[in-house]
Amino acid sequence: MTAAAMTDTTPKTERHRLYEDAWAMIHGTLFVALGVVFYTHASLLFGSAAGMALLVSYVTGASFGTVFFLINLPFYVLAWRRMGRAFTLRTFAAVTMVSVLSKLTGHWIGFTHLDPVYATVLGGGLCGTGLLILFRHRTGLGGINILAMYLQERHGIRAGYLQLGIDLAILAAAFFVLAPSQLLLSVAGACIINLILAINHKPGRYLGVS
């Protein structure tokens, strides 16, 4: 095969349009916010910065949205220096939207009964899908997401697997806060979230760029 023929068959990246990035931002953050509501209602926990925020919220009684926003502030330095201004601004917007939407969603919906296993599966699926949408539009949710996306883009380390390891370490710290059944379900939820990312966000599989 000639070099020209190889060039013709090479998949080409396509830049996202502004409305596509905005649409992804809205739906990605809505999915994550709804997943957070499922988890908080069932007193479950996941990893990353959101997991740390939930853990602090359970211990102190502070609002998840406020804690989540504050925890992410130091990570914007890494994002600005290593991932660029556009990524940092999109990530800041996404974190702010999840912080606000997680508060509002609690007023928009309510539960008379929520099975913890169902909350684990659906809440984890919502968070994982929301993160996948955001990642594919080069947007993170701060904290570990920024580090994971940076290492995948620069060194090919799979974001899902890296986050899973860190998430399990965060969940281990919750041993003295959650009941054993809640902790086991939280570990299962972390696996669901990160396997969605590991399976669907492999380097080179999605060629759209923002």
Side-chain angles (χ1 to χ4, degrees), residues 10-36 46-54 56 62-105 126-167 170 193-194 196-198 200-210:
T10 301
K12 297 180 180 179
T13 59
E14 180 179 350
R15 182 163 293 279
H16 295 128
R17 294 176 174 84
L18 180 60
Y19 77 87
E20 293 174 328
D21 284 337
W23 196 248
M25 177 84 72
I26 292 170
H27 280 82
T29 54
L30 277 170
F31 277 30
V32 173
L34 182 56
V36 169
F46 37 69
S48 193
M52 288 187 280
L54 269 179
V56 172
S63 165
F64 163 81
T66 302
V67 177
F68 180 57
F69 182 83
L70 294 175
I71 281 178
N72 278 290
L73 291 178
F75 289 96
Y76 294 130
V77 176
L78 172 64
W80 189 275
R81 292 181 176 178
R82 300 297 184 181
M83 306 294 286
R85 181 177 63 181
F87 171 82
T88 305
L89 293 176
R90 284 195 298 269
T91 297
F92 180 82
V95 169
T96 302
M97 290 176 68
V98 169
S99 298
V100 173
L101 288 171
S102 63
K103 293 181 180 179
L104 295 177
T105 303
L126 285 166
C127 289
T129 302
L131 283 170
L132 177 64
I133 293 172
L134 294 172
F135 277 20
R136 287 189 167 180
H137 287 261
R138 207 164 184 271
T139 301
L141 274 182
I144 306 305
N145 292 161
I146 294 174
L147 179 62
M149 289 185 70
Y150 168 72
L151 291 176
Q152 174 160 307
E153 290 187 6
R154 296 301 176 89
H155 303 289
I157 299 173
R158 296 272 281 278
Y161 292 145
L162 174 66
Q163 285 200 165
L164 178 58
I166 296 174
D167 288 355
I170 293 172
I193 294 170
N194 289 291
I196 289 174
L197 294 176
N200 296 286
H201 194 57
K202 295 179 180 178
R205 172 167 286 183
Y206 186 77
L207 300 178
V209 295
S210 292

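All values below were derived from every heavy atom in this structure, side-chain atoms included, with hydrogens, water molecules and symmetry-related copies excluded.
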Identify each donor-acceptor pair in which a side-chain atom of residues 94-102 lies under 3.5 Å from a protein atom, sequence neighbours left out, and give them as a table.
from : atom 1 : to  : atom 2 : distance (Å)
T96  : OG1    : F92 : O      : 2.8
S99  : OG     : G65 : O      : 3.2
S99  : OG     : V95 : O      : 2.8
S102 : OG     : V98 : O      : 3.0
S102 : OG     : S99 : O      : 3.0

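A donor-acceptor pair is defined here as one N or O able to donate and one able to accept, closer than 3.5 Å; such a pair exists between the side chain of T29 and the backbone of I26. No donor-acceptor pair closer than 3.5 Å links the side chain of T139 to the backbone N or O of F135.
Within the 4.5 Å cutoff, the side chain of L132 has heavy atoms near those of the R136 side chain.
Taking CD1 of I133 as the start and CH2 of W23 as the end, the distance is 11.0 Å to the nearest 0.5 Å. Here the OG1-CG distance, from T129 to L34, works out to 11.0 Å after rounding to the nearest 0.5 Å. Note that CG of L134 is 10.0 Å distant from CG of L197, once rounded to the nearest 0.5 Å. Once rounded to the nearest 0.5 Å, the distance linking CE of M25 with OG1 of T91 reads 7.5 Å.
Here the closest non-hydrogen pair linking R90 and H137 is NE-O, 3.4 Å. In terms of heavy atoms, N72 sits closest to F68 at ND2-O, 2.7 Å. In this structure, I193 and C127 approach most closely via the heavy-atom pair CD1-CB, 3.9 Å.
In this structure W80 satisfies the ring-ring contact (aromatic ring centres under 6.0 Å, His included) test with no other residue, sequence neighbours excluded. By the side-chain contact (heavy atoms from CB on, under 4.5 Å) test, V56 is found to be paired with T60, V67, residues two or more places apart in sequence or in another chain being considered.
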